[in-house]
Amino acid sequence: MDITFMSNEAIAKILQEIAIYLEMDDVPFRPRAYEKASEGILGLDRSAAEIYSSGGLAALENIPNVGISIAEKIEEFLKTGKIKDYELLKRKIPVNLGELRMVEGIGPKKIKILYQKLKIRNLKDLESAVKAGKIRKLAGFGERSEENISKGLEFIKKSGGRFVLGFIDAQVGEITGNLRKIKGVREAVVAGSIRRRKDAIGDADILVISDKPKEVMDYFVSMPGVARIFAHGETKSAIKLSNGLDVDLRVVPEESYGAALNYFTGSKDHNVALRELAIKRGWKLNEYGLFDGKKRIAGKNEEEIYKKLGLSYIEPELREMSGELEASRAGKLPDLIGYGDLKGDLQVQTSWTDGAQSIEEMARAAIDLGLEYIVITDHTKRLAMTRGLNETRIRMQWKEIDEINRKLKSEGLKFRILKGTECDILKDGTMDLPDEILSKCDVVGASVHSLFNLPKKEQTDRIMRAMSNPHVDILFHPTGRVLNKRDAYEVDMDAIIAHAKKTGTVLEIDAYPDRADLKAEHIRKCIEAGVKMSIDSDAHHSSHFEFLKYGISQARRGWAEKKYIINVWPVEKMLGMLK
DNA sequence: GCCGTTTTCGGCCCGACTGTTTTCAGTCG
C-alpha cells in the first residue's frame with residue numbers, strides 16, 4: 001500500500017474518534033491521551049508517513065504525546081489502512097461522530113444513548129427522531145433537550161462553521177463598545193481566538209469587568225441581532241448572532257481581570273500548560289487568579305501571572321503551544337513586528353482592472369493612512385474577466401502614474417506610486433507579460449490564477465519556474481487558498497521556500513481577510529530559511545488598506561520580526577531588497 | 001495512555017451553566 005495517502009489529518013481524526021468512544025464508556029484519562037496525540041499529529045510539519053518511513057516506530061514515538069501504544073496504532077494504520085481497536089469500537093457504536101458532534105449540546109454520552117435507544121447514526125436520523133418527538137422520552141433528555149437539538153440542527157444547516165476574522169472583527173468590536181457604555185462596566189475587551197488574531201475563528205469571547213453583572217448580562221442576551229440564547233447566568237452568558245456567530249460573555253471582578261483575560265484568550269493548550277506550571281510550584285491557576293492555597297498571589301494583570309510562573313510576557317498571537325513557553329523562559333521570544341510598522345503596500349488593484357477606484361483615489365487613501373508608497377499591481381491579460389492589462393495598456397498606465405506622482409509632488413506630498421503588476425503565471429511557468437515589460441516595472445508580483453488542480457509536482461515546478469525569472473520579485477498569495485471557498489492548491493511549500501531563498505524571491509503575506517496567505521506556519525519556515533516577506537493588502541477599494549493589520553497579525557502569529565518584512569522600510573531601501 | 005528541573009509510578013486543568021434531577025451528569029470552553 002502506498003502510505004503517502006495516509007494523511008496526518010486522517011490519522012488525527014481516527015485518534016480523535018477513539019478518544020470520543022472511550023469517553024462514552026467513561027474510561028478515565030485515556031480519552032485525553034488520544035486527544036493529545038491527535039493534536040500532536042496535527043501539529044507536525046512533516047507527514048507521519050514520512051516520519052515512519054525514515055525512522056520507523058521509534059520516530060513515531062518521538063511525536064509529542066505519542067507513546068509506544070499509539071505509535072503502534074499509527075504504524076498499523078500506515079501499513080494496513082486500518083486500526084483494529086478503532087474498528088471494534090466503531091462496530092459497537094457505528095455512528096457518524098463527525099456529524100453528530102457538530103450539534104450544540106451533544107457529546108459522547110448522549111451520542112451513545114441516542115444510538116443505543118433510538119439507533120441514531122447521523123444528522124438525518126437525529127432530525128427524524130426530533131420530528132417524531134422521540135428524544136424527549138429518553139431518560140436524561142426532556143422537552144428542552146429535544147428543542148435545543150432541533151435548534152442546533154437548524155443552525156448546522158444554515159451556517160458552516162468558521163468565520164473570517166477580518167469580516168467579523170468590526171461587529172464584535174461594536175458589541176464590545178456598547179457593553180463598555182453600560183453603567184458599572186469598567187472594562188470590556190475581546191479575548192479568545194480573536195485576541196490571538198487567528199485568521200479564521202470559531203466564536204467570539206468577550207470579557208467584562210463590572211460591579212453589576214446582571215445588567216450587563218440582561219443587555220447582552222437581548223441586544224439586537226441575537227438569534228439564540230444558550231446560557232444566561234450571573235457571570236457567564238452565551239448567545240448566537242443571526243449571522244451564526246457564537247458569542248460568549250464573562251463578567252469578572254477587577255482583581256481577577258488579568259487571570260480571566262489570560263484564561264479566556266487561550267489557546268486552551270497554552271492555558272493548560274500554564275496551569276501545570278502553577279501546579280509544579282504548588283499553586284493553582286484559574287480564571288480568578290494565581291493562588292497559593294487561599295491566597296491570591298497574582299491575577300490583576302497578565303504580566304504578573306507570567307512573571308510568577310518564571311516567564312516573560314507572551315503576546316496573544318504567540319499563545320498556540322508552538323514553542324512560546326520555552327522561548328519565553330529562555331528570554332528568546334521574537335521582537336514582533338508592530339501594528340504601525342508598515343511604510344508601504346506592494347499589492348494594490350485599481351479600476352484599470354478589477355479594482356473599484358482610480359490610481360489617484362487609492363494613492364490618496366494610502367496617504368491618509370500614513371503610508372509612504374504603494375505599488376499599483378493590476379492584473380494581466382490572461383485574466384480576461386478583469387480586463388487584464390496587455391503591453392499597450394500597461395504602458396498607458398505608467399504614463400498616468402507618472403502624472404499623478406508629479407501632481408502629488410507639486411502639492412508637497414512625500415508619497416510615491418510605484419509601477420508594478422500582478423502578472424499571471426501561465427501553465428508552463430512562463431509569465432503573462434514579456435520580460436521587456438517586466439524589466440521596466442519597479443515591482444513585479446507573480447500569481448497563480450488558473451489551473452488550481454494541477455498535480456503537486458507540476459504545480460510546484462510551474463511556480464518555481466516563475467520564481468526563477470530574474471524580473472519576478474514577489475510571489476503573491478503563494479498557496480492560493482481562500483477561506484470558506486477553496487483550499488490551497490497542491491504545492492510543495494518547503495520546495496517553494498527553499499527556491500525563494502535560492503532565487504531571492506520575496507514571498508507575500510496577502511492580508512486580504514479570506515486569503516491570509518502565507519499561513520503562520522509558512523511564515524515561520526520562511527524565517528528559518530532566511531526568506532524575506534512582504535505584507536500587502538491586495539486592496540480592491542480604498543477601504544481595503546485597513547486589511548494590512550490582518551497581514552501584520554498573520555506575520556506576528558508566524559513569529560516575524562520587523563527585519564523579515566521588506567515593506568517596513570522606506571521606498572528606496574525596500575526597492576534595494578528586490579532582485 | 002502519556003509523561004517526568006518534584007515522579008519510571010502516580011498523577012492527569014478547572015469552573016460555569018443547563019436540564020433533569022432531588023444532588024448531579026453532561027457539555028462547553
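All values derive from a computational prediction rather than experimental measurement.
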Using the P atom on both, measure B:dT21 against B:dG29 and round to a whole Å.
-> 24 Å

Interatomic distance at P, B:dC13 relative to B:dG4, whole Å | 14 Å

Considering only atom C1', compute the distance from B:dC2 to B:dT7 and round it to an integer number of Å.
-> 13 Å

Does NZ belonging to A:Lys90 count more than 12 external heavy atoms closer than 6.0 Å?
-> yes

Rounded C1' spacing from B:dT6 to B:dG11 in Å | 12 Å

Ion pair A:Glu303/A:Lys307, N-O distance below 4.0 Å = no

Using a 90° cut-off around 0 for syn, call B:dT7 syn or anti.
-> syn

Report the residues that fulfil salt bridge (charged side-chain N to carboxylate O under 4.0 Å, His left out) with A:Glu561, sequence neighbours left out, ordered by chain and then residue number.
-> A:Lys563

Using the C1' atom in both, what is the distance from B:dT23 to B:dT18, to the nearest Å?
-> 15 Å

Quick one: label A:Lys73 by what it contacts on the DNA or RNA (base, sugar-phosphate, nothing), any heavy atom closer than 4.0 Å.
-> sugar-phosphate

Nearest-Å distance once atom C1' is located in both B:dT20 and B:dG26 | 11 Å

Could you tell me which nucleotide pairs with B:dT8 by Watson-Crick or G-U wobble geometry, both distances under 3.5 Å, or answer none if nothing does?
-> none

Determine whether the side chains of A:Asp125 and A:Tyr115 contain a donor N or O and an acceptor N or O closer than 3.5 Å.
-> no

Residues in salt bridge (charged side-chain N to carboxylate O under 4.0 Å, His left out) with A:Asp25, at least two apart?
-> A:Lys92, A:Lys112

With sugar-phosphate meaning primed atoms plus P, OP1 and OP2, does A:Glu143 contact a base, only sugar-phosphate, or nothing at under 4.0 Å between heavy atoms?
-> sugar-phosphate

Boundaries of the chain A footprint along DNA chain B (any atom under 4.0 Å from a heavy atom) = B:dG1 to B:dG29

Closest to the 5' end of DNA chain B, once A:Gly282 and A:Pro108 are matched to their nearest nucleotides, is A:Gly282

Does CD in A:Glu174 sit with more than 12 non-hydrogen atoms of other residues, nucleotides or ligands closer than 6.0 Å?
-> no

How is A:Leu274 classified with respect to the nucleic acid when contacts are heavy atoms under 4.0 Å: base, sugar-phosphate, or nothing?
-> nothing

Remember a base hit wins even if backbone is also touched, and classify A:Tyr34 as base, sugar-phosphate or nothing at under 4.0 Å, heavy atoms.
-> sugar-phosphate

Are A:Glu302 and A:Arg319 close enough for a salt bridge, meaning some N to O gap below 4.0 Å?
-> yes

For A:Arg32, report the nucleic acid contact type (base, sugar-phosphate, nothing); a contact means any heavy atom under 4.0 Å.
-> nothing

Residues A:Lys109 and A:Asp26 bridged, charged N to O under 4.0 Å = yes

Touch class at under 4.0 angstrom, heavy-atom based, for A:Lys109 against every strand present = sugar-phosphate

Using the closest heavy atom to pick a nucleotide of DNA chain B for each, name whichever of A:Asp205 or A:Glu234 lands nearer the 5' end.
-> A:Glu234

Determine the Euclidean distance between corresponding P atoms of B:dT8 and B:dC3; express it in Å to zero decimal places.
-> 16 Å

Hey, does A:Lys36 reach any base, or is it just sugar-phosphate, or nothing, if we go heavy atoms under 4.0 Å?
-> nothing

